Number of protein chains: 2
Amino acid sequence: MSRASDRAYAAIRSMILSGELPAGAQLGEEALAERCGVSRTPVREALRRLETDLLVLRTDTQRSFVADWSIDDVADAFDLRARLESMAARRAAERMTPEALDRIRASNRALEVAIRRPQPDIEGFLEANREFHAAILDTAGSRRLAALLGTLIEQPVVWRTAHHYSREALHRSHSEHEELAAAFARRDGAWAEAIMSSHILRAYHAYADAHRGIGLVDEAKAAE
Amino acid sequence: MSRASDRAYAAIRSMILSGELPAGAQLGEEALAERCGVSRTPVREALRRLETDLLVLRTDTQRSFVADWSIDDVADAFDLRARLESMAARRAAERMTPEALDRIRASNRALEVAIRRPQPDIEGFLEANREFHAAILDTAGSRRLAALLGTLIEQPVVWRTAHHYSREALHRSHSEHEELAAAFARRDGAWAEAIMSSHILRAYHAYADAHRGIGLVDEAKAAE
DNA sequence: CGAGAGACTATTGTATACAAATCGGGTTGG
DNA sequence: CCAACCCGATTTGTATACAATAGTCTCTCG
């Protein structure tokens, strides 16, 4: 993270995820370089990475813009994620080791701690959730699968609305993770695959419900 | 393709696919720049792109090497491709239009022409095959899915051994494509998904058989 | 004889200058 | 009034110089 291009990547990415750079905004290399305090060279690298993440779109004439995520795009991303992560779960179950299982269970305990409080710690929840899924992906042992999933996790819109998840939804995540751990303990690939698929798709509908309920008001707040 | 970075990308990629740069070879930016007749700047961009294609691997200290593809890697890639392309086929079937169907059928006619000759035209087969799958992917209408599949098609080892496919295998590809077109004509997503999945997995085993049969001799020929 | 420190070399990272392409606006001719 | 065109302003692409970092070899000391 000490390299200028990494800092530029993190900075620009954060500006997009937070809505500071709204969807459709043009991303001039010079302007970004100034905002990030580096030269254009690392900014260009960062933009290319963000482009493969599909957070940035380029026109046919090489101008960069913040990608906008329609409802369909989000549904699409969840659909893909459900397929790929359930595949990862199956592979992980088949390759499960005691150490990997410990790591997976530990991250779910951390998740439980984050949500069992008067005011749920959403950041803590997100971090534990990330670690849980990362542990599974590592255990799946496919560089290629990891590379593909890398561009699907941490979607901007989802990230922005995670704070609106109900307490019930958070607890459901925890119990589904527990069930996954049970499937892993038994090395049952088909079971793990099925749970993961429904886990992701349920998360999608939780997101969709929250988004519908809040609607454009939320978008307006996020943009300010 | 007139940009120096595109030329560098194409040149380096081709050197890797042809085996001119063998697996494990270090990719120094300076050396590549000289071989491609451009400066390091576009070479760096090309290397980053090849890295996301997983054709190039970087160490923790930022040195680039030609990735080597073990049998497991290839199996992995086919497994992923089968999942994603069958998903594309389902979506394409659900969104099929007369125009898209025409395009798909036309590319399969081109494929038939290429293989119905005394000496099959493998380059023509590959091109028609590419167009056939591209037409389906376009019809599926998911930018994200297209982006993910982009890194999975045209795998180096597969490309190198396509010339060893039997005439029978080529004809089977053609008839499976015909069956896909039938599923598309009926807009039967489940059928299209199933055919595509078996189509890809059959292609994998055709590759695996050819590779096993030819073995190291083929690798040696490709390296010269 | 092996391990570690140091200097030297090779390689990558960043900044900057300049070249090439693109965009926007205003003008002109139909 | 609209379209096409041209030119200045802006933006991106490439080359190059220099800085920083990693790798390698040798020399010395235990």
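All values reported here derive from a predicted model rather than from experimental measurement. Here is the naming used below: chain letters follow the sequence lines, and residue numbers restart at 1 for every chain.
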When you check the phosphate oxygens OP1 and OP2 of D:dG13, does a side-chain N or O of B:S5 lie under 4.0 Å from one of them? no
Round to the nearest Å and state the distance from A:E51 atom CD to D:dT12 atom P. 12 Å
Whole Å only: how far is the OH atom of B:Y9 from the P atom of D:dG13? 17 Å
Which ones in residues 26-42 of chain B lie close to DNA chain C, meaning a heavy atom under 4.0 Å from one of its atoms? B:L27, B:G28, B:E29, B:R40
Would you work out how much the helix from C:dC1-D:dG30 to C:dG30-D:dC1 bends between its ends, with each end axis defined by five base pairs, to 10 degrees? 20°
Using side-chain hydrogen bond (donor to acceptor under 3.5 Å, both in side chains) as the criterion, list what pairs up with B:Q62, not counting sequence neighbours. A:R3
A:T41: what forms a side-chain contact (heavy atoms from CB on, under 4.5 Å) with it, not counting sequence neighbours? A:S39
Please list, chain by chain and in numerical order, all residues satisfying side-chain hydrogen bond (donor to acceptor under 3.5 Å, both in side chains) with A:E30, sequence neighbours excluded. none
Going by the rule side-chain hydrogen bond (donor to acceptor under 3.5 Å, both in side chains), which residues pair with A:D138 if we only count those two or more places apart in sequence or in a different chain? A:R103
Within a 6.0 Å radius of atom CD on B:Q26, are there more than 12 heavy atoms belonging to other residues, nucleotides or ligands? yes
With A:Y9 via side-chain hydrogen bond (donor to acceptor under 3.5 Å, both in side chains) - residues at least two apart: A:R13, A:D53
Go through the structure and list residues passing salt bridge (Lys or Arg N to Asp or Glu O under 4.0 Å) with A:R187, not counting sequence neighbours. none
Is any side-chain nitrogen or oxygen of A:R48 closer than 4.0 Å to OP1 or OP2 of D:dG13? yes
To the nearest angstrom, the CG-P distance between B:D6 and D:dT12 comes to 16 Å
Does a side-chain N or O of B:R44 approach OP1 or OP2 of C:dG13 to a distance below 4.0 Å, or not? yes
Could you work out, with ring-ring contact (aromatic ring centres under 6.0 Å, His included) as the rule, every residue matching A:F132, not counting sequence neighbours? A:H177
Please work out which residues in residues 59-67 of chain B have a non-hydrogen atom less than 4.0 Å from an atom of DNA chain D and list them by number. B:T61, B:R63
Determine: side-chain N/O of A:R58 to OP1/OP2 of D:dG13, distance under 4.0 Å, yes or no. yes
A:Y204: ring-ring contact (aromatic ring centres under 6.0 Å, His included) partners, not counting sequence neighbours: A:F78
Could you tell me how far apart A:L47 (CG) and D:dG13 (P) are, to the nearest whole angstrom? 10 Å
Could you pull out every donor-acceptor pair under 3.5 Å between side chains of residues 83-91 of chain B and any protein atom, sequence neighbours left out?
{"residue": "B:R83", "atom": "NH1", "partner": "A:E193", "partner atom": "OE2", "Å": "3.4"}
{"residue": "B:R83", "atom": "NH2", "partner": "A:E193", "partner atom": "OE2", "Å": "2.9"}
{"residue": "B:E85", "atom": "OE1", "partner": "B:H133", "partner atom": "ND1", "Å": "2.5"}
{"residue": "B:E85", "atom": "OE2", "partner": "B:R81", "partner atom": "NE", "Å": "2.6"}
{"residue": "B:E85", "atom": "OE2", "partner": "B:R81", "partner atom": "NH2", "Å": "3.0"}
{"residue": "B:S86", "atom": "OG", "partner": "B:A82", "partner atom": "O", "Å": "2.8"}
{"residue": "B:S86", "atom": "OG", "partner": "B:R83", "partner atom": "O", "Å": "2.9"}
{"residue": "B:R90", "atom": "NE", "partner": "B:E193", "partner atom": "OE1", "Å": "3.2"}
{"residue": "B:R91", "atom": "NE", "partner": "B:A140", "partner atom": "O", "Å": "3.1"}
{"residue": "B:R91", "atom": "NH1", "partner": "A:D76", "partner atom": "OD1", "Å": "2.5"}
{"residue": "B:R91", "atom": "NH2", "partner": "A:D76", "partner atom": "OD1", "Å": "3.2"}
{"residue": "B:R91", "atom": "NH2", "partner": "B:A140", "partner atom": "O", "Å": "3.2"}

Beyond-backbone contact of A:D73 with B:R143, side-chain heavy atoms, under 4.5 angstrom: yes
